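Report on the following structure.
It should be emphasised that the depicted structure is a prediction, and the values quoted were computed from it without experimental measurement.
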Amino acid sequence: MKFRFMKWDLGSKFIFIATCLAIVSFFFKWLDIGVAAENGFLQGGAFFIVCFIYPLLQVVREKKLNKIIAFACALAAVIFTTLYVNSKTIDFFGETIRGAAAGPYLFMVACGLLTFGIFKRKY
């Protein structure tokens, strides 16, 4: 299997770049509450990459992408990330404190790029 990035269409390139960005987001802080900070691997965020596997495999194999399944994967990634961010929000002495750091938000951007890539993919 050859890796022909330059011959891919725009959607395929966006799906690949989104997956790379999602992986990079795991190295950012996902939890930052002042006294504790953890990256995406320690917080279990790495399990969210499962939603990127189907679109990425279809792109790398250069096979037809079932857009319904791919959009469902992207939607699941957005929902899981939103649930993660909301689970790290607490009330502390009447103040709302968001414990989620930059990592999950970067992962959300990757989900947006994934969705755009699925939309623009030609085959």
Side-chain angles (χ1 to χ4, degrees):
M1 174 171 45
K2 291 185 179 180
F3 188 75
R4 295 179 272 202
F5 185 80
M6 296 308 290
K7 293 187 179 191
W8 291 347
D9 63 338
L10 182 65
S12 298
K13 289 178 182 178
F14 265 94
I15 290 170
F16 182 78
I17 291 168
T19 305
C20 292
L21 188 62
I23 292 170
V24 166
S25 76
F26 299 137
F27 293 98
F28 282 68
K29 292 180 184 175
W30 276 54
L31 176 71
D32 190 5
I33 54 173
V35 295
E38 293 184 343
N39 63 21
F41 295 109
L42 295 174
Q43 279 293 300
F47 292 114
F48 296 167
I49 200 70
V50 170
C51 299
F52 283 70
I53 290 175
Y54 172 72
L56 179 67
L57 283 179
Q58 296 304 92
V59 165
V60 172
R61 288 192 218 158
E62 296 180 1
K63 293 195 174 186
K64 186 169 175 13
L65 180 71
N66 184 338
K67 290 195 176 189
I68 295 173
I69 295 172
F71 279 125
C73 290
L75 181 64
V78 170
I79 289 171
F80 292 150
T81 309
T82 304
L83 289 173
Y84 173 84
V85 169
N86 287 336
S87 73
K88 301 303 176 194
T89 303
I90 59 169
D91 285 329
F92 188 70
F93 293 117
E95 295 284 326
T96 302
I97 297 174
R98 289 209 174 259
Y105 296 108
L106 184 60
F107 189 83
M108 283 271 215
V109 170
C111 292
L113 289 175
L114 176 68
T115 305
F116 180 74
I118 293 166
F119 178 74
K120 291 300 260 183
R121 183 119 195 268
K122 291 187 175 151
Y123 55 93

How close do [X] and [Y] get, counting heavy atoms only, and between which atoms?
| X | Y | answer |
| --- | --- | --- |
| A102 | F28 | CB-CD2, 4.3 Å |
| V60 | W8 | CA-CZ2, 4.2 Å |
| T115 | A74 | OG1-CB, 3.5 Å |
| V78 | M108 | O-CE, 4.0 Å |
| I33 | G99 | CG2-CA, 3.9 Å |
| A101 | K29 | CB-O, 3.2 Å |

Whether over 12 other heavy atoms sit under 6.0 Å from [X] [atom1]:
| X | atom1 | answer |
| --- | --- | --- |
| I68 | CD1 | no |
| Y105 | OH | yes |
| F41 | CZ | yes |

V59 side chain reached by L65 side chain, heavy atoms, under 4.5 Å: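 No, too far: nothing below the 4.5 Å cut-off.
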
Residue pair D9 / K120, side-chain heavy-atom distance below 4.5 Å: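 No - every pair of side-chain heavy atoms lies 4.5 Å or more apart.
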
N86 side chain to T89 side chain, donor-acceptor N/O pair below 3.5 angstrom: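 No pair is found: no donor N or O on one side chain lies under 3.5 Å from an acceptor on the other.
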
Aromatic plane relationship, F48 with W30 - under 30° parallel, 30 to 60° tilted, over 60° perpendicular: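 Correct class here is tilted.
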
is_close_aromatic(F26, F107), centroid dist under 6.0 Å: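 They qualify: ring centres under 6.0 Å apart.
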
Taking [Y] as the starting point, is it possible to reach [X] by hopping between hydrophobic residues whose side chains are less than 4.5 Å apart?
| X | Y | result |
| --- | --- | --- |
| L42 | V35 | no |
| L56 | I49 | yes |
| Y54 | L113 | no |
| F116 | V24 | yes |
| I17 | F119 | yes |

Salt bridge (charged side-chain N to carboxylate O under 4.0 Å, His left out) assessment of R4 paired with E62: CA-CA 9 Å; R4 295 179 272 202; E62 296 180 1; 3.3 Å; yes

Point-to-point distance, once rounded to the nearest 0.5 Å, from CD1 of I118 to CD1 of I15: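 Reported to 0.5 Å precision, the distance equals 5.5 Å.
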
P55: which of I69, L114, T19, N66 passes side chain to side chain contact (heavy atoms under 4.5 Å, CB included):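 So the option named by the test is L114.
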
Verdict with reasoning, C111 to F52, per side chain to side chain contact (heavy atoms under 4.5 Å, CB included): CA-CA 9 Å; C111 292; F52 283 70; 4.1 Å; yes

Lys NZ or Arg CZ of R121 over Y123 ring: under 6.0 Å, within 45°: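 Yes, a cation-pi geometry holds between R121 and Y123.
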
Any donor-acceptor N/O pair, Q58 side chain to K64 backbone, under 3.5 Å: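 Indeed, once roles are kept as given, a pair shorter than 3.5 Å links the two residues.
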
